[in-house]
Number of protein chains: 2
Amino acid sequence: MDSRLGGVAVTIKDVARLAGVSASSVCRTLAAPDDVRPDTRERVQRAVAELGYYPNRAARGLITGRTGNLGLIVPDIANPFFPDIIKAAEARARELDYAVFLADTDEDPAAEMGLIRAMSKQVDGFLLVSARCSDEELRSVYDDMPVVVVQRCVRHVPAVTFDDHDGIRQAVGHLATLGHRRVAYVAGPRTSWSNKERQRILRSTTSAAGIELVDTGHAAPTLDGGTAVADLVLATRATAVMAFNDMMALGLLRRFRALGVDVPGDISVVGFDDIPLAELVDPPLTTISLAKQRVGRAGVDMLIGLLDGRLDRAPRTILPTQLTVRASTGPARRD
Amino acid sequence: MDSRLGGVAVTIKDVARLAGVSASSVCRTLAAPDDVRPDTRERVQRAVAELGYYPNRAARGLITGRTGNLGLIVPDIANPFFPDIIKAAEARARELDYAVFLADTDEDPAAEMGLIRAMSKQVDGFLLVSARCSDEELRSVYDDMPVVVVQRCVRHVPAVTFDDHDGIRQAVGHLATLGHRRVAYVAGPRTSWSNKERQRILRSTTSAAGIELVDTGHAAPTLDGGTAVADLVLATRATAVMAFNDMMALGLLRRFRALGVDVPGDISVVGFDDIPLAELVDPPLTTISLAKQRVGRAGVDMLIGLLDGRLDRAPRTILPTQLTVRASTGPARRD
DNA sequence: TTGAAAGCGGTACCAC
DNA sequence: GTGGTACCGCTTTCAA
């Protein structure tokens, strides 16, 4: 009763030999237990248990074209926004008996394509979260294998996105009510679809609310990125600032604190994502919450639906967003 | 000049056909370009480029026994301690032309073994960070394939660990200097080797410093875990508390704030890991910093050394730790 | 220097 | 119901 992973490497032949049957029967017992005679099944199952046999997925994939693996690619695991999505995706995949291969691109579009290429034959499909590569590239990947993009829209490519419009509308309304008339937007990566989207929505929403939107240019969507543009934000004399994501917003808070700038007294700060830290910092961050628990699950379900041929065309799922008001926003300061 | 991933699936045969050579020659051109005649090489390389051929690593692994993939398993990617390690490991692996397959076990020892099993034939070795499984299980995995454990010691298994003793000594000295005589320890998972280790070291170090160590029992190594034991900590009437890791320490801070308990006025808090958030919260957290940038790199180097047969026996690397004093620790309150 | 053939671990198909 | 055989994509002898 050796339950180790396989003493060196147990193959289907070892099982067949021990059970006194052919490899075909072992295979069949595993795939369709009802198609073999009970006593055969039992002998095989005993042998499998005894040897600790576990089929080689890579070899199986070679012939079936299915590996039982999903590729999950994110720009930056250090951004606490992604772990929630990742964990939900992994959990859902596990339920459906898929393994998840995860990779981090470090926000680098080139690394992204490299990883996709390296993984491509070892997974059945990809879940690309906030992919930074071009539409062209994305579509070319989709030509070859099932892909679901998260937080991005590309024609003909299945996608799970957030209804950014709703959250932004709430946030802008909130700021307008507090008397803000000049709001800065700290943009994220130029290559980020959601950054463009948020910027676009923000422009129309603020102008509708009679708010002037000031642009402070792009920065890395990280703590340091936020910290780096903080001075620029102050220079705009905006009374409130919205950041592309919470990490940037936290970076702003850090720098503001260092400068003795009071939040929200001197300036209000709004983030995006509602990462777990948002409520821990001082002051707790007002931010736009996304249904991130659901996105991982929805993405995996869509991907596997695609694999199973249950879905055709390019399905779309849109998940809700909502403003969560905390202490980092307050009445506009009077100049 | 189709640079897509492979129009459906480019195999070595397609390349061979287009180049007018045999599959063997294609293979040889890729593996040892000098072993083929220049004109053959050129024809093959042109065909490879034209078709966007990329060898199927899984198929290759089947015969060579090497997949070019490394498995990286961590208990919880949502704990900001791990992303730094992961990113360093990925970067180093990429340099050495390996891909990393990452998985999160959700702190579940059973999931850990399941993942290892699912991945085992698809990777050349494992980097197991803070593995929660038993020594037995770990050794049985190591029987089958190269493994490097991080933040854990198991006889005969290669390991990269932190010199916890040094950091703890500094922390205890720091607290002693501040007049603390009664310190609580909030333990992490029962299955965590480093928790046991830290607890052990803490016991001897505090007793040597004339400090009474109070145990508050185990909790999940997360924000919520820390929050959950905060009341218990206060009940011990300790003037300082050390947590198994920063996430737990942040959980304590959160609850203390909710209760109106002043840190460090009423109680000092010390964490472990020095995650990026530690300095962002209020008050910034005093914590024991680990050389985490180095650990991912060292782990990968050791693992690949093992794979290449450059290392034998069970190598050990021990990385430094150091107390980082911030505002969450102060003089002991007088009772 | 090159190509044919065998085989890695599995699965699918087809006789029996 | 079962076993033989071919083959997935690739590498590695081994002869030519």
Side-chain angles (χ1 to χ4, degrees), chain A residues 5-44 47-48 51-69 117-118 120-124 144, chain B residues 5-44 47-48 51-69 117-124 144-145:
Chain A
L5 287 182
V8 179
V10 180
T11 75
I12 200 169
K13 285 183 190 162
D14 300 320
V15 178
R17 195 174 316 124
L18 181 60
V21 299
S22 71
S24 316
S25 291
V26 176
C27 185
R28 222 174 285 118
T29 306
L30 267 43
D34 295 335
D35 282 12
V36 299
R37 233 177 17 217
D39 67 312
T40 309
R41 186 191 322 150
E42 212 159 301
R43 287 220 307 287
V44 170
V48 165
L51 297 172
Y53 169 71
Y54 196 82
N56 181 331
R57 288 188 154 191
R60 171 189 293 171
L62 214 47
I63 178 122
T64 59
R66 308 269 302 233
T67 59
N69 300 325
R117 206 163 289 134
S120 67
K121 299 300 192 324
Q122 319 192 47
V123 300
D124 297 338
D144 280 352
Chain B
L5 287 182
V8 178
V10 180
T11 75
I12 200 169
K13 283 184 192 163
D14 300 321
V15 177
R17 196 175 316 123
L18 181 60
V21 298
S22 72
S24 319
S25 291
V26 176
C27 185
R28 225 175 278 119
T29 305
L30 266 43
D34 295 335
D35 282 13
V36 299
R37 234 180 13 219
D39 69 311
T40 310
R41 187 192 321 151
E42 213 158 300
R43 287 221 307 290
V44 170
V48 165
L51 297 172
Y53 170 70
Y54 196 83
N56 181 331
R57 287 190 156 192
R60 171 187 294 172
L62 214 48
I63 177 131
T64 60
R66 307 267 305 232
T67 59
N69 300 325
R117 206 163 289 134
M119 274 194 181
S120 67
K121 301 298 194 321
Q122 319 192 48
V123 301
D124 296 337
D144 280 352
M145 62 190 328

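Because only heavy atoms are used, hydrogens play no part in the values below, and waters and symmetry mates are left out as well, while side chains stay in. All values reported here derive from a predicted model rather than from experimental measurement. So you know, we letter chains A, B, ... as the sequences are listed, proteins then strands, and number each from 1.
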**Study point:** Distance-only donor-acceptor test, T64(A) side-chain atoms vs dA12(C) base atoms, 3.5 Å
**Key:** no
Review point. Where the side chain of I63(B) is concerned, which of dG9(D), dT11(D), dG10(C) is the nearest nucleotide?
Key: dT11(D)
**Study point:** N or O in side chain of S25(B) less than 4.0 angstrom from dG3(C) OP1/OP2
**Key:** yes
Review point. Taking the side chain of S22(B) as its heavy atoms from C-beta onward, which of dG4(D), dC10(D), dG3(C) lies nearest to it?
Key: dG3(C)
**Study point:** Earlier contact from the 5' end, DNA chain C, for A31(A) and A58(A)
**Key:** A58(A)
Exercise for review: Give the nucleotide from the list dT11(C), dG3(D), dC10(D) with an atom nearest to the side chain of S24(A).
Suggested key: dG3(D)
**Study point:** Whole-Å distance separating the CG atom of D34(B) from the C1' atom of dT1(C)
**Key:** 13 Å
Check your understanding: Are side-chain heavy atoms of R57(A) and T67(A) found at a separation under 4.5 Å?
Key -> no
Study note, to complete from the structure: Against the side chain of C27(A), the closest entry in dG9(C), dG3(D), dT11(C) is dT11(C)
Check your understanding: So which nucleotide from dG9(D), dT11(D), dG3(D) ends up closest to the side chain of V21(A)?
Key -> dG3(D)
Check your understanding: What is the distance, rounded to the nearest whole Å, between atom CD1 of I12(B) and atom P of dA4(C)?
Key -> 14 Å
Revision key, fill the gap. V10(A) and D14(A) have their tightest heavy-atom pair at CA-OD2, 3.4 Å
Revision key, fill the gap. From CG of D39(B) across to C1' of dT2(C) the rounded distance in Å is 12 Å
Check your understanding: In whole Å, what is the span from the CG atom of L62(B) to the C1' atom of dC8(C)?
Key -> 4 Å
Revision key, fill the gap. Shortest non-hydrogen pair, L30(A) vs P33(A), comes out as O-CD, 4.4 Å
Check your understanding: Quick one: E42(A) CD to dG1(D) C1', roughly how many Å, whole number?
Key -> 16 Å
Exercise for review: Find which nucleotide of DNA chain C each of A23(A) and K13(A) is nearest to by heavy atoms, and output the residue with the more 5' nucleotide.
Suggested key: K13(A)
Point to revise | Distance-minimising heavy-atom pair for D124(A) and G68(A) | key: OD2-N, 2.9 Å
Practice item. Report yes if at least one side-chain N or O of T40(A) is closer than 4.0 Å to OP1 or OP2 of dG1(D); otherwise report no. Key: no
Check your understanding: Mapping P55(B) and R28(B) to their closest nucleotides on DNA chain D, which lands nearer the 5' end?
Key -> P55(B)
Practice item. Provide the closest heavy-atom pair for V21(A) versus R43(A) in the form atom of the first, atom of the second, distance. Key: CG1-NH2, 3.6 Å
Check your understanding: Which nucleotide, dG10(C), dT2(C), dG4(D), lies nearest any side-chain atom of R37(B)?
Key -> dT2(C)
Review point. How many Å lie between CG on L30(A) and C1' on dA12(C), as a whole number?
Key: 15 Å
Exercise for review: Might you point out which heavy atoms bring N69(A) and Q122(B) nearest each other, and give the distance in Å?
Suggested key: ND2-OE1, 2.8 Å
Point to revise | Between dG3(D) (C1') and D35(A) (CG): distance, integer Å | key: 15 Å
Point to revise | Candidates dT11(C), dT2(D), dT11(D) - which lies nearest the side chain of V36(A) | key: dT2(D)
Check your understanding: Given atom NZ of K121(A) and atom C1' of dG9(D), what is their separation to the nearest angstrom?
Key -> 10 Å
Check your understanding: Side-chain N or O of Y53(B) less than 4.0 angstrom from OP1 or OP2 on dC10(D)?
Key -> yes
